[in-house]
Structures are given as C-alpha cells and as structure tokens.
Number of protein chains: 2
Amino acid sequence: MRVRLSDVAAMADVSSATASMVLNGKAGAIRPDTIDRVLVAAEALGYRPNALARSLRSQQSHTIGFLSDDVVTTPYAGAMILGAQEVADKHGFALLLANVDSDQEASRHSLEALLDRQVDAVICATMYHRIIEVPAQLTNSPAVLLNARSDDNSVTAVVPDDYAGAEAAMEHLVAMGHRRIGFINDRAGNRRPGFIIDQTSPPAAVEREQAYHDVLRRHGIDRDDTLQTRAPSDPTGGRVAATALLDRPDRPTALFCYNDRMAAGAYVAARHLGLAIPEDLSVVGFDNQVLIAEAIDPPLTTVQLPHLEMGRWAMEQALTLLDENAEPRVRRMPCPLVERESVAPPNHPSADT
Amino acid sequence: MRVRLSDVAAMADVSSATASMVLNGKAGAIRPDTIDRVLVAAEALGYRPNALARSLRSQQSHTIGFLSDDVVTTPYAGAMILGAQEVADKHGFALLLANVDSDQEASRHSLEALLDRQVDAVICATMYHRIIEVPAQLTNSPAVLLNARSDDNSVTAVVPDDYAGAEAAMEHLVAMGHRRIGFINDRAGNRRPGFIIDQTSPPAAVEREQAYHDVLRRHGIDRDDTLQTRAPSDPTGGRVAATALLDRPDRPTALFCYNDRMAAGAYVAARHLGLAIPEDLSVVGFDNQVLIAEAIDPPLTTVQLPHLEMGRWAMEQALTLLDENAEPRVRRMPCPLVERESVAPPNHPSADT
DNA sequence: CTGAAAGCGCTAACAC
DNA sequence: GTGTTAGCGCTTTCAG
C-alpha cells in the first residue's frame with residue numbers, strides 16, 4: 001500500500017488538512033517550521049498523492065481526453081498527439097486516449113469511456129482535415145476539434161490552412177517561371193464512414209483547387225481545364241493521372257500534386273516518359289511526409305501539414321477553456337512550403353497564354 | 001452536475017447499495033422486479049457511473065499507462081498504440097499516455113504522473129527494438145515492455161523477431177537464385193569500420209546481420225565481407241552504401257537493406273548506375289513502411305515489423321498480469337515477408353562459390 | 001433479499 | 001495558525 005497523506009501528517013505531527021495545504025502550496029498562513037516538518041516527512045516517506053482521490057474531491061481530473069478516428073494509424077497522428085501531449089505535460093495534465101472507428105455505436109461507447117473518467121475536456125482529432133458533426137455528448141464538456149471543424153464553427157477548432165499552403169506552392173512554381181502547371185487533385189466524394197458525419201468533399205481538396213485557380217488567374221494565366229485532373233490519392237493514382245497529363249505535346253512543365261504519395265506516382269510516370277525531374281518537370285507535393293519526400297529522387301519540394309503545431313494549439317485552447325469560457329474560435333494553421341530539389345525553372349517556357 | 005447513483009436509487013426507491021449491485025451485474029440475490037426498477041431508473045436518468053469514485057473505492061482504475069520514448073513521433077508508433085488500445089477497449093480499459101524524452105529527470109516525472117493516477121499497469125514502449133533498463137518505480141506495478149526487453153528478461157516483453165524476419169528475406173533471395181547478396185546494415189552503435197557484430201549495436205542490426213551470415217552459410221555460399229557494409233539508416237546512407245557495393249564488376253545481384261529508407265536510397269544508386277530493378281538488381285528492405293514501399297518504383301519487397309500485433313500482445317499480457325501474477329515471458333513476434341516487385345531471379349547468376 | 005454504515009484518499013469550510 | 005468535520009461518488013461488509 002502506498003503511503004498516504006495521513007501518514008505524512010502523522011509523522012509531521014499535524015493534521016492531514018495541514019499537510020494537504022502545505023503540499024499544495026496553499027500554506028499562506030502556516031508557520032514555517034510546521035511547513036518544514038511536513039515537507040521533510042513527505043520527502044522521507046516518499047509520499048506521492050493519489051490523483052484519483054484528489055480528482056474526486058476537487059472535481060478536476062487534470063486529464064484531457066483525446067478522441068481520434070483511427071488517426072493513430074496514420075503517420076500524421078503521432079505529431080498531433082505529441083504536440084498535445086507536450087503542452088499537457090507542461091501543465092501537469094495527462095492524455096487519455098480513445099479511438100473511434102466507423103462503427104457509430106462503438107464510437108459513442110469510446111467517448112463515454114472518456115467522459116466517465118471525468119476528463120476535464122476533450123480533443124477530437126481526425127485523420128484528415130474534415131468538417132464534422134460534434135457528438136452530442138460533448139456539448140457539456142469543453143471540447144476542441146483538431147484537424148477538423150464543425151460546419152457552423154460553434155466549437156473551437158484548428159485546421160491546416162490548406163488554401164494558403166497551396167497558394168505558396170503555386171506561387172513558388174509561378175515565380176520559377178512556370179506557366180503551364182498541372183494539378184492532380186484528390187478524387188472528390190470518397191465518403192468514409194466515421195463517428196463523425198462527413199459533409200461534402202474534403203476541405204483540403206476544395207481549398208487547394210481554389211488556390212490553384214486563384215494563383216493562375218492572379219498571374220494572368222488562362223485557365224486550361226485539361227491541365228487538371230483527379231485520382232485516388234495514392235501512388236498509383238498519381239502515376240496514372242500524371243501519365244495522362246504528361247503524355248502529350250503541350251504537356252505542363254510543372255505538376256502540383258494533392259499529396260506526396262501522388263507526387264511519388266508522378267515521379268514514376270515522368271521517368272517512364274523519359275522526363276527528368278526537375279529539369280524537364282517540376283513537381284510539388286503536399287503533406288511533407290518526410291518518409292516519402294526524402295526517399296524519392298530528387299527529394300520532393302512539398303507543403304508541410306502542421307500537425308505538431310495544431311496539436312499544441314488544440315491543447316492550449318482546451319486548457320484555456322477550463323479557466324475562462326472563451327468564445328469559440330477556429331484557427332487556420334499555416335502550412336509552410338518545404339523546398340527540396342524537385343522544382344527548377346522550366347526548360348522551355350511555354351509561349352502560349 | 002451529473003446524475004449520481006443515489007439519484008437512481010432514489011428514483012427506484014431502493015438504497016444506493018442495491019442500485020450499485022444491480023448496475024454491476026452482482027444482483028445474484030435481488031428480486032427481479034427490483035432489478036427492473038433500478039434499470040429503468042438508470043436508463044431514464046441517463047445514469048453514467050463516475051469512474052473516479054469507483055476506482056478510488058475499488059482500487060482499480062481500469063487504466064493502463066502507456067509510456068513511450070518519443071515513440072509517438074514515428075510512423076510505427078501508431079500501430080503499437082492502436083493495437084494496445086484495441087484490446088484495452090475491448091476489456092473496458094483506457095490508455096493513459098506519457099512521453100519520455102532523453103531527459104532522465106523529465107522521464108521520471110512522466111512515469112510518476114502515470115503512477116499517481118493509479119494506473120493498473122504500465123506498458124513501456126520504445127521507438128526502436130532496444131534493450132532497456134526498467135525504471136525502478138515500475139518494480140511495484142505490473143509492467144510489460146513493448147518493442148524492448150530488459151537485459152535479464154525479468155520483465156515480460158515483446159520484441160520483433162528480427163532474426164527470423166531477416167532469415168525469411170535472405171531465404172527468399174537465395175531461393176530466387178541469388179548467390180552474391182549484399183547487405184547494408186545500420187551503423188548505429190558501431191562507428192568502427194569493419195563488420196564485427198557488436199553487442200552495443202541495436203538488436204535489430206545484430207540479429208539481421210547474424211541471419212544474413214547464417215543463411216549464406218547454410219546454402220554453402222562463401223562469406224565475402226566486401227559485400228557487407230554499414231551506413232546511417234536513411235536514404236542518403238543507403239544510396240552511398242549501395243553505390244559502393246554496386247559500382248564494381250563483381251557487383252552483387254541482390255541487396256538486403258537494413259530498412260526501407262535505405263532501400264529507397266539503394267534504388268537511387270542503382271538507377272544512377274543504369275541498373276534496373278528487379279532485372280539487374282533485386283532489393284529487399286525491412287520495416288514495411290508502406291508509405292515508402294509503395295511510393296518507390298518498383299514497389300519494394302520488404303519485411304514487416306509487427307507493431308500492431310506487438311501492441312495487442314503487450315496489452316493482453318498487461319491485463320493478464322492484473323489477475324494472475326504469471327512468470328515473466330518474452331515473446332518474439334514474427335516478421336512476415338511482404339512480397340512486392342523488387343525481387344526477381346538474377347540475370348547472370350554468378351558462377352563463383 | 002435489502003438497507004445502513006463505513007470507508008477509498010483527499011480537500012475545503014469552518015471552528016478553535 | 002491549525003485541527004475538526006464533512007463530504008466527492010462509489011462499493012462492500014454486515015445486520016436485519
């Protein structure tokens with residue numbers, strides 16, 4: 001059996017109440033020598049408070065629930081958890097994990113497991129940038145959405161700024177002199193079941209496409225819809241789509257890909273067509289999956305998804321919500337361009353437009 | 001304020017003790033109609049037990065601590081957590097996360113945060129297969145090591161069977177007809193040139209190297225130390241090492257790489273030397289980092305690290321330890337070969353040996 | 001079969 | 001200034 005507060009109190013010859021105050025720094029009105037006695041007793045006994053008892057009494061578990069939709073499987077997940085963890089730890093909070101899958105019933109169950117354990121707040125993380133419906137049970141406790149937002153923005157949330165990220169990528173390409181830029185987007189309408197209901201097409205796809213068009217227009221480059229295509233967001237999808245875009249006389253000199261996996265597929269397509277990267281073709285990806293970006297040749301220039309920062313921010317907000325009840329805010333986290341070696345000026349700047 | 005057990009009891013017109021028994025399935029000796037009344041009351045009120053209070057009383061938190069050394073950053077982490085989570089969930093347990101970094105002091109603090117919260121057991125996970133020293137605080141509570149083991153095997157642990165995995169990879173290569181097989185090992189833990197197996201090296205490096213030699217010997221293939229090298233385990237390391245191995249007349253017809261990142265580097269080296277994979281050169285990796293294995297061309301044949309299974313097993317053991325106190329056991333989890341397209345019979349089977 | 005009572009280990013009012 | 005008392009919400013003897 002662990003040593004209890006009463007043991008410390010007994011040894012210091014004070015009441016457990018006094019010991020409690022001393023140990024919690026609320027010893028404003030306690031004689032210095034008493035404080036000392038308690039401190040040495042605690043030290044001598046190796047006293048560690050029972051957080052359960054403390055929580056029960058103080059109605060604060062110092063625990064934040066982290067609910068995710070399989071997020072934990074993806075390489076992104078780690079960064080979000082780590083970021084959240086990091087700031088939680090700094091404030092003496094711990095993270096209680098729960099995972100939800102496509103099964104609605106199971107998801108409710110997972111959430112309740114968290115709530116039953118009296119978490120002070122919950123962070124709801126999704127694998128992909130999504131618009132979700134906040135589970136009803138959450139309306140009572142402070143909640144923040146991570147990599148997701150509610151459609152009415154009534155819950156504080158943090159999402160990547162896909163628009164600005166795509167904009168940076170496109171501006172980079174244009175600044176390098178590219179005028180004919182292909183865009184391989186994610187195939188819209190892939191609905192995945194989840195605890196959280198999917199609305200329309202993923203915000204990432206919508207925003208990046210918007211940025212693609214806006215940047216071109218801003219630079220007076222006529223829209224050419226044959227330069228844009230959609231495919232499943234994996235290497236095969238990227239390869240097939242890139243082949244279609246590149247295997248023609250008026251091929252684009254640069255490709256902006258929805259993600260790094262597709263960009264890897266585009267590399268394969270380019271090589272099969274005898275196109276060297278970046279000499280004959282520039283490629284920009286999205287996600288900054290370092291595993292991929294550094295594994296392919298040449299290393300991929302891509303846009304970073306700021307999962308670590310989002311994780312940190314989400315936890316900071318969650319903790320803030322415990323003190324004050326602030327207005328819900330949704331933060332769009334910047335996605336910086338990470339320049340590697342897959343972009344260069346075009347060999348033969350196209351003369352059209 | 002949430003509805004308490006006493007509310008349910010009051011509504012059902014029984015004592016809270018009775019309500020408790022009913023709700024916990026220990027209603028062996030309670031009249032059916034009383035049971036019903038309690039049940040409908042609980043339902044009507046939407047009663048959810050307060051897990052904190054329950055834990056405090058029953059001295060069982062139904063929570064397992066998951067302590068990891070930054071593991072959460074790596075793409076492997078997710079699978080371990082997910083596996084653990086999955087079985088925890090099935091048994092009504094939750095996962096409390098803590099992260100430790102290189103800082104000893106901070107690590108002790110993290111562990112204590114878990115213990116203070118009265119976790120019933122803790123799982124200690126490491127990013128890489130390692131031999132670790134079990135923290136002293138852990139000796140009191142049930143613990144299982146995940147992807148790590150103690151040097152005296154006195155703590156139950158699960159690690160990947162790197163030896164068998166490497167053996168399978170090598171047997172595959174040999175079965176395909178390869179006799180000259182290069183091995184690019186990790187250099188961590190041994191900065192000396194030369195190819196001596198060194199106890200300070202990570203188990204993964206030691207075991208895979210051992211398997212490499214054993215398989216060759218078993219098939220009567222003479223050892224040729226010029227076919228073996230070490231490098232940092234990243235794409236650049238792999239490229240440099242592979243170039244050294246391949247840029248010579250008696251080059252190997254196949255390469256076994258320490259991990260998929262190095263294998264990706266080997267791909268680059270091969271292409272620069274005009275070697276086609278798998279026609280001119282077969283490559284096998286390790287880890288089955290799907291992100292990489294599917295992104296490079298051709299898709300990489302590699303050995304799977306069974307993180308999901310290890311996570312599951314670790315949690316199962318942890319839960320088992322709560323009931324019975326079994327003997328510590330260490331499990332070596334199989335690492336299956338995942339065949340893709342980077343292996344083919346050699347073009348020109350070497351005539352030597 | 002069911003209820004009363006006694007805590008689990010701690011904190012927060014309120015006396016002294 | 002410090003100790004006493006009363007719970008936080010639940011489970012678990014032990015009477016009846």
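First the proteins, then the strands, lettered A, B, ... as listed; each starts at 1.
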**Item:** Rounded interatomic separation in angstrom, taking CZ from A:Arg54 and P from C:dT11
**Value:** 5 Å
**Request:** Could you work out which one of C:dC1, D:dG3, C:dC8 sits closest to the side chain of A:Ala17?
**Result:** D:dG3
**Message:** Measure CG/A:Asp116 against C1'/D:dC10 and give the value in whole Å, please.
**Reply:** 13 Å
**Below 4.0 Å: OP1/OP2 of C:dT2 and any side-chain N or O of B:Thr34** = yes
**Message:** Counting only side-chain nitrogens and oxygens, does B:Asn50 get under 4.0 Å of the OP1 or OP2 atom of D:dC8?
**Reply:** no
**Whole angstrom value for the distance that separates P of D:dT11 from CD of B:Gln59** = 13 Å
**Side chain of A:Ser15 - closest among D:dT4, C:dT2, C:dT11** = D:dT4
**Request:** Respond yes when some side-chain nitrogen or oxygen of B:Arg31 is under 4.0 Å from OP1 or OP2 of C:dC1, and no when none is.
**Result:** no
**Asked** Could you state the interatomic distance from NE2 (A:His91) to NE2 (A:His62), rounded to the nearest 0.5 Å?
**Response** 12.0 Å
**Fill in**
Among D:dC10, C:dG9, C:dT11, the one nearest any side-chain atom of A:Arg4 is C:dG9
**Prompt:** When you measure from the side chain of A:Ser58, which nucleotide among D:dG9, C:dA12, C:dC10 comes out closest?
**Reply:** C:dA12
**Request:** Calculate the interatomic distance between B:Asp7 atom CG and D:dC10 atom C1'; express it in whole Å.
**Result:** 13 Å
**Request:** Could you please name the option among D:dG3, C:dA12, D:dG9 that lies closest to any side-chain atom of A:Arg57?
**Result:** C:dA12
**Asked** Taking atom P of C:dC1 as reference, at what distance in whole Å does atom CG of B:Asp33 sit?
**Response** 11 Å
**Asked** Looking only at side-chain N and O atoms, does B:Thr18 come under 4.0 Å of OP1 or OP2 in C:dG3?
**Response** yes
**Item:** Selected nucleotide, minimal atom distance to B:Leu56 side chain, candidates D:dG3, C:dC8, C:dG3
**Value:** C:dC8
**Item:** Whole angstrom value for the distance that separates P of D:dC8 from NE2 of A:His62
**Value:** 19 Å
**Request:** Return the minimal non-hydrogen interatomic distance between A:Leu52 and B:Arg117, and the atom names on each side.
**Result:** CD1-O, 3.8 Å
**Request:** Look only at the side chain of A:Thr126 and the backbone of A:Asn147, and say whether a donor-acceptor pair between them is shorter than 3.5 Å.
**Result:** yes
**Item:** Side chain of B:Tyr47 (C-beta onward), nearest among D:dT4, D:dC10, C:dT2
**Value:** D:dC10
**Prompt:** Rounding to a whole Å, what distance do you find between B:Arg117:CZ and C:dG9:P?
**Reply:** 18 Å
**Item:** Whole-Å gap separating P (D:dT11) and CE (B:Met21)
**Value:** 10 Å
**Item:** B:Arg130/B:Asp69 ion pair, N-O < 4.0 Å
**Value:** yes
**Message:** Between B:Thr320 and B:Glu316 (side chain of the first, backbone of the second, donor and acceptor by atom type, cut-off under 3.5 Å), is there such a pair?
**Reply:** yes
**Message:** Any heavy-atom pair between the side chains of B:Leu138 and B:Val122 that's under 4.5 Å?
**Reply:** yes
**Asked** Choosing from D:dT11, D:dG9, C:dC10, which nucleotide comes nearest the side chain of A:Leu5?
**Response** C:dC10
**Prompt:** If only side-chain N and O atoms of B:Ser20 are considered, is one of them under 4.0 Å from the OP1 or OP2 phosphate oxygen of D:dT11?
**Reply:** yes
**Request:** Output yes when at least one side-chain N/O atom of B:Gln118 is less than 4.0 Å from OP1 or OP2 of C:dC8, else no.
**Result:** no
